[in-house]
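Please read the structure below before turning to the comments.
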Amino acid sequence: MKNQAHRFLAAVFLILIFGVGAVQAVLDLRGGGRPRALDLFTQPPTEAALRAYEKGLEDGSWFEQQARPLMTAALFFALGDAGDNAVLGRGGWFFYRPGVQYLTRPLPRFDRTGDPVDAITAFRDRLAERGIRLLVVPAPNKETVYPERLTRRAEGLSGAVNGNTREILARLARAGVETVDLAALYADARRTQGDDPPWYLPQDTHWSPRGVALAARAVADRLTALGWTAPGGVEYAVEPAPAPRAGDVPRMMRAPLVEAACPAEPVPCERVTRRDTGEPYADDPASEVLVLGDSFLRIYQRDDPGAAGFTAHLARALGRPLASVINDGGASTLVRQELSRKPELLRNTKVVVWEFTERDIRHGMEGWQDVPLPPAG
């Protein structure tokens, strides 16, 4: 009897090993392609080739596409395991795993071409050669602002939890780079103004409309205090513009059952409009203030409801329209590469405000390359 059970389990095991590959090969052929397994025999057996082959199997596997969402949902609902990209916090809050890793791991030893401080100071110096000032604004991860929502062990912590960012800010200060410490701003706001509504979205990586307005006002006050820009002559107003938003962290789990359990909720945005025309805020490419950034600038601005994001509220605080370059997830290098292809944006610029999410200090897409400015026009 025991031998029969062993033979049955061995048969099931062999079916799983060879059956999945055989079915996938048939599906590849029916789709007009060739079996992916043949790639093993057409590429050199290097580590990079094998990793690329493994990644291709994961991305193209029918079993992977069908089973993973169900397994992800099962693990989430049974064990609270949110998968590779997400972490389930307390009280239904979600966090982005790379942001958590940024807080819990020390910075690497940067080489000469990947140090964020070197890239930032080089950019500052190139701008200065054209008479342009630079203000650097790291946007805190939600984990930095709400660590106690991530884990009970963070309750009652005194002092900042984002040691990596504080190290970079200190180095930038020694290099003479002007910055705005938004993490300290939010910590003070939580103490003095409370968390109703919260400064960040519970199921999203980004700040809330309340957090946007606070950050925009702080940057405007800093620019004015430095004497880098004077109040403009455009008057703006705000109007309520609630917009439904589903959190991006549950969406990253790629499990429809989890997304269905986290439906979109109305977010109390405020759209910025011109008082003279009533038109929603719009950028001016000829502005003397240029803003560079990532999805923290895109949210509410290019997303619904529009004209309610950071650039619109900064424009309102400064009394002038701004120019902007926004690259989702690419504020470390890609946004400067995009700027290098748009020389017209620097023609009238006197100030550049550069926002990037703090986790990009470690995890920035394309790292921290040295990117030249576009030719002077």
Side-chain angles (χ1 to χ4, degrees), residues 80 82 85-100 102-103 137-162 165 180-219 238 240-253 258-259 261-272 293-301 303-305 308-314 317 355 357-359:
N85 291 323
V87 175
L88 179 62
R90 303 171 64 198
W93 282 53
F94 283 79
F95 294 86
Y96 185 40
R97 189 173 293 277
V100 176
Y102 174 78
L103 284 191
V137 185
N141 300 328
K142 186 168 68 175
E143 300 79 11
T144 292
V145 180
Y146 287 98
E148 80 286 355
R149 293 284 190 173
L150 176 63
T151 173
R152 188 184 303 275
R153 288 175 293 178
E155 286 186 340
L157 283 180
S158 59
V161 298
N162 60 338
T165 303
V180 174
D181 186 352
L182 290 182
L185 178 76
Y186 286 123
D188 182 67
R190 292 191 67 195
R191 285 191 300 270
T192 60
Q193 303 178 45
D195 283 319
D196 187 19
W199 304 95
Y200 275 61
L201 298 173
Q203 296 183 355
D204 203 278
T205 55
H206 301 96
W207 43 30
S208 67
R210 190 184 187 200
V212 166
L214 184 69
R217 170 51 64 184
V219 171
V238 294
R245 182 172 180 85
D248 62 355
V249 183
R251 189 167 63 248
M252 293 176 195
M253 295 173 63
V258 175
E259 290 185 50
C262 305
E265 297 181 351
V267 177
C269 300
E270 290 188 320
R271 181 183 288 115
V272 176
D294 52 25
S295 60
F296 275 75
L297 303 191
R298 181 256 301 156
I299 188 171
Y300 317 126
Q301 189 69 27
D303 295 349
D304 288 340
F310 177 85
T311 53
H313 283 277
L314 178 58
E355 173 276 325
T357 181
E358 66 176 342
R359 64 178 173 268

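These values consider heavy atoms only, across backbone and side chains, with no hydrogens, waters or symmetry-generated copies. This chain uses plain numbering: 1 for the first residue, then up along the sequence.
- Looking at Val272 and His313, their side chains come closer than 4.5 Å, going by heavy atoms from C-beta outward.
- Residues Phe94 and Leu88 form a side-chain contact, since some pair of their non-hydrogen atoms from C-beta on lies under 4.5 Å apart.
- Using modelled atom types, no side-chain atom of Arg359 and backbone atom of Pro98 make a donor-acceptor pair closer than 3.5 Å.
- No donor-acceptor pair under 3.5 Å is formed between the side chain of Asn85 and the backbone N or O of Met253.
- Side-chain atoms of Asp294 come within 3.5 Å of backbone atoms of Thr357 as a donor-acceptor pair (strictly under, hydrogens ignored).
- Scanning both residues, Ala183 and Pro140, for their nearest heavy atoms gives N-CG, 3.5 Å.
- Counting heavy atoms from C-beta on, the side chains of Tyr300 and Val267 come closer than 4.5 Å.
- A salt bridge links Arg298 and Asp303; the closest N-O separation between the charged side-chain nitrogens and carboxylate oxygens is under 4.0 Å.
- Across all non-hydrogen atoms, the minimal contact from Pro268 to Pro209 is O-CB, 3.5 Å.
- Here the side chain of Trp93 pairs no donor or acceptor atom with the backbone of Leu150 at under 3.5 angstrom.
- Counting only distance, with no hydrogens or angles, the side chain of Gln203 and the backbone of Val249 share no donor-acceptor pair below 3.5 Å.
- You'll find the side chain of Gln193 reaches within 4.5 Å of the side chain of Trp199, heavy atoms only.
- Within the model, atoms CD1 of Ile299 and CG of Asp204 stand 5.0 Å from one another, a figure rounded to the nearest 0.5 Å.
- Side chain of Lys142 to backbone of Phe95: no donor-acceptor contact under 3.5 angstrom is found.
- Taking each heavy atom of Gly194 and Arg210 in turn, the nearest pair found is O-NH1, 3.3 Å.
- Distance check: Asp195 CG to Tyr186 OH gives 12.0 Å after rounding to the nearest 0.5 Å.
- Under a 3.5 Å cut-off, the side chain of Ser208 and the backbone N or O of Gly211 do form a donor-acceptor pair.
- Distance check, rounded to the nearest 0.5 Å: CG of Leu297 to OG1 of Thr311 gives 6.5 Å.
- You'll find the side chain of Leu103 reaches within 4.5 Å of the side chain of Val161, heavy atoms only.
- Nearest approach of Ala86 to Ala82, heavy atoms of both residues: O-CB, 3.4 Å.
- Between Ala139 and Leu182, the shortest heavy-atom distance links the atoms CA-CD1, 4.4 Å.
- Using modelled atom types, one finds a donor on one side chain and an acceptor on the other under 3.5 Å when comparing Tyr102 with Thr165.
- Of all non-hydrogen atoms in Arg90 and Glu148, the two that sit nearest each other are NH1-O, 3.0 Å.
- Side-chain atoms of Arg251 never come within 3.5 Å of backbone atoms of Glu259 as a donor-acceptor pair (strictly under, hydrogens ignored).
- With Asn141 contributing its side chain and Glu143 its backbone, the two residues share no donor-acceptor pair below 3.5 Å.
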Problem - Audit row: Arg190, Val145, side-chain contact (heavy atoms from CB on, under 4.5 Å) steps and yes/no - result: CA-CA 9 Å; Arg190 292 191 67 195; Val145 180; 4.1 Å; yes
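- Glu355 contributes no side-chain N or O that, together with a main-chain N or O of Gly293, makes up a donor-acceptor pair within less than 3.5 Å.
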